[in-house]
Student: 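There's a structure below that I have some questions on.
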Number of protein chains: 2
Amino acid sequence: MESRIDRIKKQLSGASYKLTPQREATVRVLLENEEDHLSAEDVFLLVREKSPDIGLATVYRTLELLNELNVVDKIQFGDGVSRYDLRQEGAAHFHHHLVCIECGAVDEIQEDLLEDVEAIVEKKWNFRIKDHRLTFHGICYRCQEDK
Amino acid sequence: MESRIDRIKKQLSGASYKLTPQREATVRVLLENEEDHLSAEDVFLLVREKSPDIGLATVYRTLELLNELNVVDKIQFGDGVSRYDLRQEGAAHFHHHLVCIECGAVDEIQEDLLEDVEAIVEKKWNFRIKDHRLTFHGICYRCQEDK
DNA sequence: GATTCACATAATAATAAGTATCAAAAAGAA
DNA sequence: TTCTTTTTGATACTTATTATTATGTGAATC
């Protein structure tokens, strides 16, 4: 955990930004809630629990910065809110999501399932792929059991 | 064209909605701009050219309704605006998009490239897929030529 | 034909996510 | 120290979208 913070610190300083206490608090919240897909508001409320004086704008700025440095991914599932998701270390590509239309849960698929598809797209559409977003909408295993 | 409007009319009446003049004007704009990915504002401005008395809220409501009936798909590319895209007739699934990070162009892939991937996800994650969203970000063929 | 009645609409107010502004504080550099 | 740059917090603002509300409309019933 500490080592991940250190590495993020290096990424920041590499781009001549500092890991200020506010930024560190924000990063810690993201690390502690890695499973979730927090909105900026969610992050703000969680950060505020430990650092009550932090401002909402600072959280937005930090998330924006982390997104530019590819530390987090900014995603939209269509509910009108941006969500911020820590990128797996070393992951070249965005991971995939399973959004349950019953309960709203969002699960992640870390595996890259798209290599074959990307090869086809690059060739057939002559498109140089840099990243992708893949989300499946359906019924998660939990809601299937409930039936 | 007229036949497509007729079929959309049937879809509406099947769900006990009417194809009012305002709704028809909105659908026509979508049909005439099928290649584009219009925002609600875009649609509103285009509809207004022919039906100056239409209200923005009506356009929003119509787009929302068409989305619920799966006539259009509501998509977000991350620029803060929802865009509305006519679904190909008979298409069970959402089509895919190629978003160029240089020029912003959005191209479409109508083919379903995900059958194999979906089979894996359904089995391995025990997730019953209803729909999917797949967007590639990269450099389109036009911008590659410009180099 | 007049009268209901449910649905649609236009106008506009309200909401909420996100951004811009700006003065003050913090952190370096000199 | 003093000067300069970066960062921050508070808050005003913007903008997409939604809610409200009074009005309109067209089919169904009297």
Side-chain angles (χ1 to χ4, degrees), chain A residues 8-9 11-30 37-69 71-85, chain B residues 8-9 11-30 37-69 71-85:
Chain A
I8 290 171
K9 184 174 181 175
Q11 281 191 266
L12 281 166
S13 58
S16 46
Y17 293 106
K18 300 164 212 162
L19 185 64
T20 64
Q22 291 91 338
R23 285 175 184 161
E24 184 173 338
T26 305
V27 169
R28 281 186 188 280
V29 163
L30 291 172
H37 298 79
L38 302 175
S39 67
E41 189 79 21
D42 294 335
V43 175
F44 172 62
L45 292 173
L46 287 167
V47 171
R48 178 170 263 193
E49 284 177 15
K50 297 199 174 167
S51 314
D53 291 337
I54 203 165
L56 175 61
T58 301
V59 172
Y60 269 104
R61 276 186 296 242
T62 302
L63 292 171
E64 185 60 34
L65 181 60
L66 294 173
N67 183 49
E68 268 164 34
L69 297 176
V71 173
V72 305
D73 284 311
K74 186 177 181 179
I75 39 181
Q76 274 127 306
F77 290 126
D79 58 351
V81 206
S82 291
R83 296 175 183 280
Y84 299 86
D85 207 355
Chain B
I8 289 170
K9 183 173 183 177
Q11 282 191 265
L12 282 165
S13 57
S16 45
Y17 294 106
K18 299 164 211 159
L19 186 64
T20 64
Q22 292 90 338
R23 284 174 184 162
E24 183 173 338
T26 305
V27 169
R28 281 188 188 279
V29 163
L30 291 173
H37 298 79
L38 302 175
S39 67
E41 189 79 22
D42 295 334
V43 175
F44 171 62
L45 292 173
L46 288 166
V47 171
R48 176 168 265 194
E49 284 177 14
K50 298 200 173 165
S51 314
D53 291 336
I54 203 165
L56 175 59
T58 300
V59 172
Y60 268 104
R61 275 187 297 247
T62 302
L63 292 172
E64 184 62 32
L65 180 60
L66 294 174
N67 182 49
E68 267 163 36
L69 297 176
V71 174
V72 305
D73 284 310
K74 186 177 181 180
I75 37 180
Q76 273 127 308
F77 291 127
D79 58 351
V81 207
S82 292
R83 295 175 183 281
Y84 298 85
D85 208 354

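To find a chain, count down the sequence lines: A is the first, B the second, and so on, and within it residues start at 1.
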Student: Using a 4.0 Å cut-off on protein heavy atoms (strictly under), produce a 5'-to-3' string for nucleotides 21-30 of chain C with B for base contact, S for backbone-only sugar-phosphate contact, and - for none.
Tutor: B------S--

Student: Mapping B/L56 and B/R23 onto DNA chain C by nearest heavy atom, which one lands closer to the 5' end?
Tutor: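 By nearest-heavy-atom nucleotide position, the 5'-most residue is B/R23.
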
Student: Starting from the C-alpha separation in whole Å, work towards a yes-or-no answer on side-chain hydrogen bond (donor to acceptor under 3.5 Å, both in side chains) for A/T26 and A/R23.
Tutor: CA-CA 5 Å; A/T26 305; A/R23 285 175 184 161; over 6 Å; no

Student: Grab the CG-P distance between B/N67 and D/dT17 for me, whole Å please.
Tutor: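 Rounding to the nearest Å, CG of B/N67 and P of D/dT17 are 12 Å apart.
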
Student: Looking at every heavy atom in both A/K74 and A/S82, which two are closest together, and how far apart are they?
Tutor: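 Taking A/K74 first and A/S82 second, the nearest heavy atoms are CE-OG, 3.5 Å.
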
Student: Excluding sequence neighbours, so at least two apart, what forms salt bridge (Lys or Arg N to Asp or Glu O under 4.0 Å) with A/D73?
Tutor: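 A/R87.
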
Student: In whole angstrom, what separates B/E41's CD from D/dT17's P?
Tutor: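 Going from CD in B/E41 over to P in D/dT17 covers 9 Å.
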
Student: Just verifying a value: how many Å separate A/I54 CD1 and A/L46 CG, rounded to the nearest 0.5 Å?
Tutor: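 CG of A/L46 is found 11.5 Å from CD1 of A/I54.
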
Student: Could you list all the side-chain hydrogen bond (donor to acceptor under 3.5 Å, both in side chains) pairs where at least one residue sits in residues 42-54 of chain A, not counting sequence neighbours?
Tutor: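 Output for this query lists A/S39-A/D42.
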
Student: Rounded to whole angstrom units, what separation is found between the CD atom of B/Q22 and the C1' atom of D/dT23?
Tutor: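 The answer, rounded to whole Å, is 13 Å.
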
Student: Could you give the CG-to-P distance, from A/L45 to C/dA16, as a whole number of Å?
Tutor: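 Rounding to the nearest Å, CG of A/L45 and P of C/dA16 are 14 Å apart.
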
Student: Could you list by number each residue of residues 76-84 of chain A showing a heavy-atom separation from DNA chain D of less than 4.0 Å, or answer none if no residue does?
Tutor: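 Output list: empty, so none.
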
Student: I need the A/L19 CG to A/Q11 CD distance, nearest 0.5 Å.
Tutor: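 One finds 11.5 Å between CG of A/L19 and CD of A/Q11.
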
Student: Count the heavy atoms of every other residue, nucleotide or ligand shown that sit under 6.0 Å from CZ of A/F77, and state whether that count exceeds 12.
Tutor: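 Counting other residues, nucleotides and ligands, CZ of A/F77 exceeds 12 neighbours.
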
Student: Between C/dT12 atom P and B/F44 atom CZ, what is the distance in whole Å?
Tutor: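 The distance from CZ of B/F44 to P of C/dT12 comes to 12 Å, rounded to the nearest Å.
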
Student: Round to a whole Å and report the spacing from CD of A/E64 to C1' of C/dT19.
Tutor: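 Distance, rounded to whole Å: 10 Å.
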
Student: Roughly, in whole Å, what's the span from CG in B/L12 to P in C/dC7?
Tutor: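 B/L12 atom CG is separated from C/dC7 atom P by 15 Å.
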
Student: Counting only side-chain nitrogens and oxygens, does B/T58 get under 4.0 Å of the OP1 or OP2 atom of C/dA10?
Tutor: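 Checking B/T58 against C/dA10: at least one side-chain N or O falls below 4.0 Å of OP1 or OP2.
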
Student: Nearest whole Å is fine: how far is D/dA27 P from B/L19 CG?
Tutor: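 Nearest whole value for this atom pair: 13 Å.
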
Student: Using a heavy-atom distance cut-off of less than 4.0 Å, which residues of residues 47-55 of chain B contact DNA chain C?
Tutor: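 B/D53, B/I54, B/G55 - these, ordered by number, are the residues of the stretch whose heavy atoms sit under 4.0 Å from the strand.
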
Student: Starting at OG1 of B/T62, measure out to CZ of B/F44 and round the result to the nearest 0.5 Å.
Tutor: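 Going from OG1 on B/T62 over to CZ on B/F44, the span is 12.0 Å.
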
Student: Are B/V29 and B/V59 close enough, and set up right, to give a side-chain contact (heavy atoms from CB on, under 4.5 Å), and what steps lead you there?
Tutor: CA-CA 11 Å; B/V29 163; B/V59 172; over 6 Å; no

Student: I would like to know whether B/L66 and B/Y84 meet side-chain contact (heavy atoms from CB on, under 4.5 Å); could you show each step before the answer?
Tutor: CA-CA 9 Å; B/L66 294 174; B/Y84 298 85; over 6 Å; no

Student: Residues two or more places apart in sequence or in another chain: which of them pass side-chain hydrogen bond (donor to acceptor under 3.5 Å, both in side chains) with A/E24?
Tutor: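 Testing A/E24 for side-chain hydrogen bond (donor to acceptor under 3.5 Å, both in side chains), a comparison that skips the adjacent residues, returns A/R28.
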
Student: Closer than 4.0 Å, any side-chain N/O of B/T20 to the OP1 or OP2 of C/dT9?
Tutor: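 B/T20 to C/dT9 OP1/OP2: side-chain N or O found under 4.0 Å.
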
